[in-house]
Amino acid sequence: MYNTTDQNSPELNMDHLRQLMGQQAQRRPIFENIAILGCGYVGSALAEYWEDRGHCVTGTTTSRERIASLSTTLSKVVLMRGDNVTAVQDLLQGQNTLVVSAAPSGSQEASEVDYEATYLTTAKNLAKGLKQTPNLTQIVYLSSCSIYGDRQGSWVDETSSASPLEHKSQVIYESENIILQAANEHQKVCILRLGGIYGPDRELVNMFGDLAGMTIPGKGDRFINWVHRDDIIGAIDFIRCNELEGIYNLVDDSQMTVKEQVKLVCDRYNLPPVNWDSSKLSNRRKSLQVSNEKIKAAGYELIHSQLLV
Ligand SMILES: NC(=O)c1ccc[n+]([C@@H]2O[C@H](COP(=O)([O-])OP(=O)(O)OC[C@H]3O[C@@H](n4cnc5c(N)ncnc54)[C@H](OP(=O)(O)O)[C@@H]3O)[C@@H](O)[C@H]2O)c1
C-alpha cells in the first residue's frame, strides 16, 4: 500500500493495479515526461501511479493550499488554470503525453461561466499550444457520457449522436470537438467518455446511503453507468502505451438500474431498504446503457467489471 497525505488519492494499491495491468503492450518509451492538467480525484491518483513507475509527472492545481500535498508525490506541481493561455503553453513545453482531467472546483455547484472557462477556453488554449509542441504526441482528454443525454434506457456506443440535456454537457461536447480537431498524424488525441466516477473516498454508500429507509418517487428503473477510478487509471495508461486515438467510452459491465444499485448498497451495509413509489413520476429522467465494447475490443481488460460496494 502506498500512503499519501493528499486527501484526493488515499491508499492507492499500486501492486494490485500493476499486477492486473502487467500483460499490456508497450509501444511508447518506458519513461516519459507527462503533464496532467487537473490533479483532482482522478489526476492526483494517476500522477501517483505514473511517478511510481518512473515517469516524470507535472501536475496542475488551481489551489495554492494543495501544492504542498501534491508535491509529496509529483515531480513538479504548477499552480495554474487552463483558461490562461500562457500557463497552458508553458505546461506543454517538453512533455510527451498530456492528460486533461480538469473539472470546475469548489463545494458549490459550478456556474455555466465556470464550465466554459474550465472546458471550452482550456480546450482552445490546448489546441493552440499543441501546434507549438510537436514532441507532445499523445493527448488523453477525459470527457463524460453525459454528452449522450437521456436515451430512455436504450444502448449507446461511440457512433451514437451526442444529445446533451444540459448546457454543461453541451460545453463538454464542444470541448471534445476542439481537442479532436487539434489531432494530426503525429499528435494522437483520445477522448475517454467516463461514466460516474467512484472509488476510494467516493464510495457508492456515500452517494446512496442517505436514501436508506426513504420513499422515492418513480420506479427506480433508470440505468446509471459507473466506472471505478482504478479503471480510469488503467485505461489511460493502456491508451498511452498503445497510442490510441478517437473516442472511447469507459464504464463498467454492471448495467444496473438505480433501484438495483441502491439495494446492493443497503444490503451490504445493513441499511433499511428504499421504497420506490411508482405512482409518482421520478424527478430524474436520464437513463441510458453505455457500451464499453470498443475499448475492450482494443484490448483493455476492466479491473472492476462489476460495481464495488
Ligand atoms: N466526477 C464524475 O463523476 C465525472 C464523470 C464523468 C467525467 N468526469 C470528468 O473526469 C475528469 C476528472 O474528474 P475528477 O472527479 O477527478 O475532478 P476533480 O476531482 O473535481 O478535479 C478537477 C481538477 O481540475 C482542476 N481545475 C478546476 N478548474 C480548473 C481550470 N479552470 N483549469 C484547470 N484546472 C482546473 C481542479 O483544481 P484544484 O486542484 O484547485 O481543485 C482539480 O485539480 C474531469 O475532466 C471530469 O469532467 C467526471
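Values below: all heavy atoms of this structure, side chains included; hydrogens, waters and symmetry mates excluded. Keep in mind that what you see is a predicted model, and the values were worked out from it rather than measured. Order of listing sets the numbers, starting from 1, for every ligand and every atom in it.
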Legend entry - Selected option - heavy-atom contact closest to atom 27 (C) of ligand 1, from A103, A102, G38: A103
Legend entry - Among S144, S143, S101, closest by any non-hydrogen atom to atom 12 (C) of ligand 1: S101
Under 4.0 angstrom from ligand 1, any heavy atom of [X]?
X    : answer
S146 : no
R202 : yes
Y119 : yes

Taking only heavy atoms of [X], which atoms of ligand 1 are found under 4.0 Å from at least one of them?
X    : answer
G195 : 5 (C), 6 (C)
D83  : 31 (N)
G82  : 30 (C), 32 (N), 33 (C)
G40  : 19 (O), 21 (O), 23 (C), 42 (C), 43 (O)
S105 : 26 (N), 27 (C), 28 (N), 36 (C), 37 (O), 38 (P), 40 (O), 41 (O)
G196 : 3 (O)
C39  : 43 (O)

Inset, instruction - State, to 0.1 Å, how close D253 and K296 come at their nearest heavy-atom pair, and which atoms those are. - result: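 Shortest heavy-atom separation between D253 and K296 comes out as OD1-NZ, 2.8 Å.
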Do any nitrogen or oxygen atoms of [X] lie less than 3.5 angstrom from nitrogen or oxygen atoms of ligand 1?
X    : value
V42  : yes
L37  : no
I197 : yes

Is there a side-chain contact between [X] and [Y] (heavy atoms, below 4.5 Å)?
X    : Y    : value
Y198 : M207 : yes
K259 : W276 : yes
K188 : I139 : no
V77  : T60  : no

Is [X] touching ligand 1 with its side chain, its backbone, both, or neither, if touching means heavy atoms under 4.0 Å apart?
X    : value
M207 : neither
D114 : neither
R66  : side chain

Legend entry - Other residues, nucleotides, ligands: >12 heavy atoms within 6.0 Å of L281 CG: no
Inset, instruction - Output yes when a side-chain donor or acceptor of Q255 lies under 3.5 Å from a complementary backbone atom of V290, and no otherwise. - result: yes
Inset, instruction - Could you tell me whether a side-chain N or O of S111 sits under 3.5 Å from a main-chain N or O of D114, the two making a donor and an acceptor? - result: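 Yes.
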Inset, instruction - Describe, in one word, how the ring planes of H304 and H228 are oriented to each other, choosing from parallel (under 30°), tilted (30 to 60°) and perpendicular (over 60°). - result: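 Rings of H304 and H228: tilted, as their planes differ by 30° to 60°.
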Legend entry - Lys NZ or Arg CZ of R229 over Y41 ring: under 6.0 Å, within 45°: yes
Legend entry - Flag for Q187-N184: side-chain donor and acceptor within less than 3.5 Å: yes
